[in-house]
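The block underneath contains the structure these notes are about, expressed in structure tokens.
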Amino acid sequence: AALETRFEAHVGEGGFIEAKDWMPAHYRKTLLRQISQHAHSEIVGMLPEANWVTRAPTLKRKTILLAKIQDEAGHGLYLYAAAETLGQSRDQMLQALHSGQAKYSSIFNYPTLSWADVGVIGWLVDGAAIMNQVPLTRCSYAPYARAMVRICREESFHQRQGFDSLRVMMEEGTEAQRAMVQDAVNRWWWPSLMMFGPPDGESTHSAQSARWGIKRLSNDELRQKFVDACVEQAAVLGVTLPDPQLKWNAERGHHDFGPIDWAEFWRVVGGHGPCNRERLAARVNAWEEGVWVREAALAHARKQAERAAAQEQAA
Amino acid sequence: AALETRFEAHVGEGGFIEAKDWMPAHYRKTLLRQISQHAHSEIVGMLPEANWVTRAPTLKRKTILLAKIQDEAGHGLYLYAAAETLGQSRDQMLQALHSGQAKYSSIFNYPTLSWADVGVIGWLVDGAAIMNQVPLTRCSYAPYARAMVRICREESFHQRQGFDSLRVMMEEGTEAQRAMVQDAVNRWWWPSLMMFGPPDGESTHSAQSARWGIKRLSNDELRQKFVDACVEQAAVLGVTLPDPQLKWNAERGHHDFGPIDWAEFWRVVGGHGPCNRERLAARVNAWEEGVWVREAALAHARKQAERAAAQEQAA
Amino acid sequence: MDAATATAVQLRLTPELQYVLRLADTGLVHAQRLSEWCGHAPVLEEDIALTNMALDLLGQARALLTHAAALEGQGLDEDRLAYWREHDQFFNLTLVEQPLRKPGAHAPGGDFADTVLRNFVLASWLKAACAALQTSRDETLAGIAAKSLKEARYHQQHNADWVQRLGDGTEESARRMAAAVQRLWPYTAEMFEHDAVDEAARTSGLGPARQDLRAAWQAEVAEVFAAAGLTLPPDTPFRSTGTQGRHSEHLGYLLAEMQVLQRQHPGGRW
Amino acid sequence: MDAATATAVQLRLTPELQYVLRLADTGLVHAQRLSEWCGHAPVLEEDIALTNMALDLLGQARALLTHAAALEGQGLDEDRLAYWREHDQFFNLTLVEQPLRKPGAHAPGGDFADTVLRNFVLASWLKAACAALQTSRDETLAGIAAKSLKEARYHQQHNADWVQRLGDGTEESARRMAAAVQRLWPYTAEMFEHDAVDEAARTSGLGPARQDLRAAWQAEVAEVFAAAGLTLPPDTPFRSTGTQGRHSEHLGYLLAEMQVLQRQHPGGRW
């Protein structure tokens with residue numbers, strides 16, 4: 001109890017917690033869930049982009065996309081490593097993902113239907129993710145905060161590349177390319193807004209998360225920031241955001257926007273979105289098809305250790 | 001011995017043998033091998049064409065190709081059925097194919113690299129097959145002769161459709177299409193000539209085959225007929241046959257042609273052609289992946305039989 | 001077609017056209033998937049049967065596409081529609097674009113159980129649709145439907161027999177068939193959705209709304225499932241949307257392969 | 001590129017150009033196959049390693065294609081070469097177009113053993129080639145080779161380690177690795193064939209003939225195979241011919257997928 005009071009005070013003052021520090025069980029559990037699910041999101045998030053890497057329309061774009069996918073795998077590595085400091089192994093976390101117990105960001109349950117989706121994911125999805133993640137660079141749990149610093153920097157780069165890809169198509173491309181970009185925007189806009197989670201009134205755990213420095217701005221605050229930024233960016237691109245109610249409100253100093261279809265949000269989060277089953281099946285299959293590989297690596301390592309020990313004895 | 005004398009006399013006069021008739025063991029074995037290998041050829045021959053059915057360039061051509069492939073499967077059925085009358089089951093014949101013991105026409109060990117290959121296979125490969133097969137319509141073994149009548153009729157249709165496909169490309173198509181047709185002819189011409197087998201001097205079993213009505217014209221005679229026919233057809237198409245030594249010989253009344261690379265022939269027949277391993281692997285895989293299906297069909301049939309028997313007893 | 005017309009098709013879409021294309025594209029895409037089986041079936045007779053169903057559906061699709069082109073009025077034809085539309089102008093049921101024998105780029109393939117099940121479920125739906133379409137105010141559509149109905153009956157029977165053989169065969173085949181049912185079921189909901197296109201078709205007498213097909217389909221599928229020892233899965237909120245032109249990730253790859261030669265040889269003659 | 005230049009490339013082929021394209025296309029096609037693994041590797045670290053090798057080879061291919069375009073002299077560039085040539089103008093080793101993770105249309109896919117083995121065998125070959133190319137009379141080629149050599153060493157080592165892990169791991173992994181060796185070996189003969197292109201390169205100092213690479217490659221592969229408990233299969237008369245522009249049935253599908261967007265959007269800007 002005294003430990004907990006000291007902990008809350010330390011964190012409340014903006015102090016950081018390292019792996020070796022004492023922490024309440026509930027804090028450990030919450031961070032473990034959040035960090036591991038963030039890691040899962042990075043890994044699952046590779047799939048909608050991997051879907052276009054063999055069809056990238058120029059060698060430069062193929063290079064950029066391969067590098068982005070590689071970065072995302074790397075982000076997964078950092079985050080699994082950060083989560084492991086809290087006492088669970090990566091295998092256990094993956095088991096939770098594959099069984100459906102652990103979640104990943106629901107945005108990745110949507111299909112990438114055209115090349116423009118890749119650029120729009122960079123612009124809107126990475127954009128929303130960055131907006132969610134920047135506050136986490138000052139999260140109380142230091143391993144997570146440090147990972148977030150690296151990830152945010154790389155994701156800003158990804159966002160700029162995605163935006164650039166769209167800009168080229170809109171400014172220099174054909175009419176068909178412009179239509180492709182607009183269609184991708186039409187399909188990804190509302191799901192991107194849903195990335196900030198349910199409305200504040202319906203969100204749980206916010207107070208505690210705020211105290212622990214996990215969440216510094218509310219869902220609705222972040223969502224509003226995002227909308228305001230995107231309206232300007234959309235104007236630069238020359239695309240229309242698919243919301244007839246989107247309008248500058250001088251009184252509020254923000255853009256008003258239309259109602260989000262929360263039924264769709266809950267349906268997708270609940271497992272019934274367009275690609276949920278496919279995304280999870282892809283990860284489960286990769287795991288299962290890799291069992292023999294991982295077992296072989298272990299067996300080989302054991303043999304090498306035995307040989308080394310035998311050599312030492314002989315010497 | 002008396003039986004054998006009477007058999008040889010009957011066949012020598014052009015008489016037919018049905019399944020229920022007495023036949024020498026050697027005749028039965030030879031026919032079984034020839035008919036089953038002919039069946040295997042039809043089945044394996046579906047694969048180079050199946051390779052283009054998903055990419056057929058018009059819906060009409062896709063329809064024609066699907067129907068051709070279906071006909072070839074049907075030819076396989078007739079021929080397996082004809083071979084089964086000689087005392088081996090289809091499963092045993094397939095086992096011999098899958099183990100590499102039984103052969104199939106070596107022409108199908110070449111890859112189909114462009115759409116024009118499909119038309120050229122119709123023109124040259126079906127053309128050569130028909131030339132080999134028409135004499136078999138009077139083969140002494142009647143079930144085989146009857147199958148050959150049906151097959152030759154359908155393959156003549158296939159040949160005309162293949163030729164027509166090439167004619168359209170050559171007469172109405174683009175320069176790139178004409179180049180595609182010429183390239184396909186360049187690759188399939190010499191292998192088609194090899195379909196008639198080694199030169200007469202190196203062929204075995206010919207005398208006996210001739211007596212039994214299995215082979216009425218020699219390899220070289222059939223090959224010459226084929227070359228003469230193709231020279232005219234090539235002129236109609238406007239393609240060049242890739243043989244600088246091809247020339248009308250007024251004395252002989254036939255076209256002289258250049259030397260065949262028999263080393264290539266034996267290499268491909270011996271298993272080292274471009275697609276041998278893939279063709280056999282495709283058939284073996286189809287078989288192995290179908291084990292559970294065939295077992296289920298048998299199990300279900302057994303259950304149905306048991307239920308019917310039980311119902312009869314109850315009634 | 002010359003090189004000038006070798007450009008992407010932009011449909012002048014009406015509810016009537018979309019209705020016809022839903023049927024045409026469903027047949028076209030399913031025939032494409034079935035043709036992957038050529039040379040690979042578990043037994044020769046089934047190679048022939050699968051190719052036969054592909055030919056029947058392709059024939060229906062050609063007739064429907066030709067009719068759709070006439071309705072569309074821009075001077076298109078079956079090949080312009082098949083080879084020069086992009087994914088978002090195809091209106092097939094999402095079900096038929098799912099990987100069948102061949103794996104997808106990022107999704108596993110299916111087995112023979114998936115194939116006979118999809119054939120059965122689709123043929124049952126097409127049979128119900130064609131039966132109702134025989135009285136379409138559109139005489140061409142009615143004629144196509146009458147011919148297709150005979151074929152659908154045969155496809156339904158042939159594949160129902162296989163669903164039962166496999167569902168009530170060995171333990172392995174039963175397991176595989178049950179797994180196939182789990183994979184397929186979510187995509188069947190789209191077969192009975194209702195939108196403005198269905199409403200306009202029903203109201204104008206063009207043809208049945210998809211909802212109108214459910215009762216007959218459900219009854220026949222339930223009967224065959226019962227005989228095969230299979231359980232009808234519960235419905236879920238999942239809805240596929242190919243009939244609205246919004247597809248899964250699989251159609252793009254299918255079209256890239258199907259359309260490649262026309263794109264490589266614009267203005268070509270075949 | 002505008003719509004007028006969005007047409008198929010007809011190369012003005014010389015022995016020198018074909019030599020450079022053999023290297024460029026081998027890297028490009030292998031990178032394409034490796035990219036099929038994104039998101040599907042047995043363990044996250046290997047997903048990164050495979051993507052890393054793909055990026056390295058793609059980078060080498062881009063440099064080589066850019067150089068090839070300059071040699072060719074018609075004003076082409078890396079994308080015109082990658083997206084607008086047909087199969088018979090690609091000169092990659094047939095080995096690298098074989099199905100890797102994804103099955104082919106009519107051929108089974110491979111597993112992780114096939115992948116690390118192909119990576120090892122190819123990297124060993126590229127290492128030998130790049131080492132010799134450092135002294136090419138063509139300075140651009142020499143510079144590309146020097147950079148590629150570092151990468152090839154790393155790829156060779158990383159994948160040699162995996163060949164050993166799997167060859168000398170469990171009974172299952174040993175079986176799979178031995179099967180992978182059987183599948184791959186026939187395609188290695190092409191790595192050391194000799195023709196007029198090789199002769200001209202060696203004679204003119206452009207680079208090594210393929211034959212010149214055999215001894216070093218054989219020695220290194222034999223060493224790793226021995227450590228992995230694998231047997232070198234006997235040579236056979238089979239010769240693949242992709243380096244002559246005559247490919248297997250797999251390249252057509254690979255190119256259809258790779259080139260689809262440029263064909264769908266001639267004159268597009270990306």
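Distance check: C:Arg183 CZ to A:Glu278 CD gives 12.0 Å after rounding to the nearest 0.5 Å. To the nearest 0.5 angstrom, C:His87 atom NE2 is 5.5 Å from A:Ser114 atom OG. A:Arg267 contributes atom CZ, which lies 10.0 Å from atom CZ of C:Phe238 (distance to the nearest 0.5 angstrom).
Atom CZ of C:Phe192 is surrounded by more than 12 heavy atoms from other residues, nucleotides or ligands within 6.0 Å. Within a 6.0 Å sphere centred on CD of C:Glu171, other residues, nucleotides and ligands contribute 12 heavy atoms or fewer. Residue-environment remark: CD (A:Glu202) exceeds the threshold of 12 foreign heavy atoms within 6.0 Å.
Residues C:Tyr253 and A:Asn51 approach most closely at OH-O, 2.6 Å, considering heavy atoms. The minimum heavy-atom distance linking C:Ser248 with A:Leu113 is given by the pair O-CD2, 3.5 Å.
Among C:Glu86, C:Gln10, C:Arg246, the residue with the largest count of heavy-atom pairs under 4.5 Å with chain A is C:Arg246. Top candidate by heavy-atom pairs under 4.5 Å with chain A, chosen from C:Ala107, C:Gly252, C:Pro186, is C:Pro186.
Using a 4.5 Å cut-off between heavy atoms, C:Ser240 makes no contact with chain A at all.
In this structure a side-chain-to-backbone donor-acceptor pair under 3.5 Å is present from C:His106 to A:Ala50. Checking side-chain atoms of C:Glu249 against main-chain N and O of A:Thr112 turns up a donor-acceptor pair under 3.5 Å.
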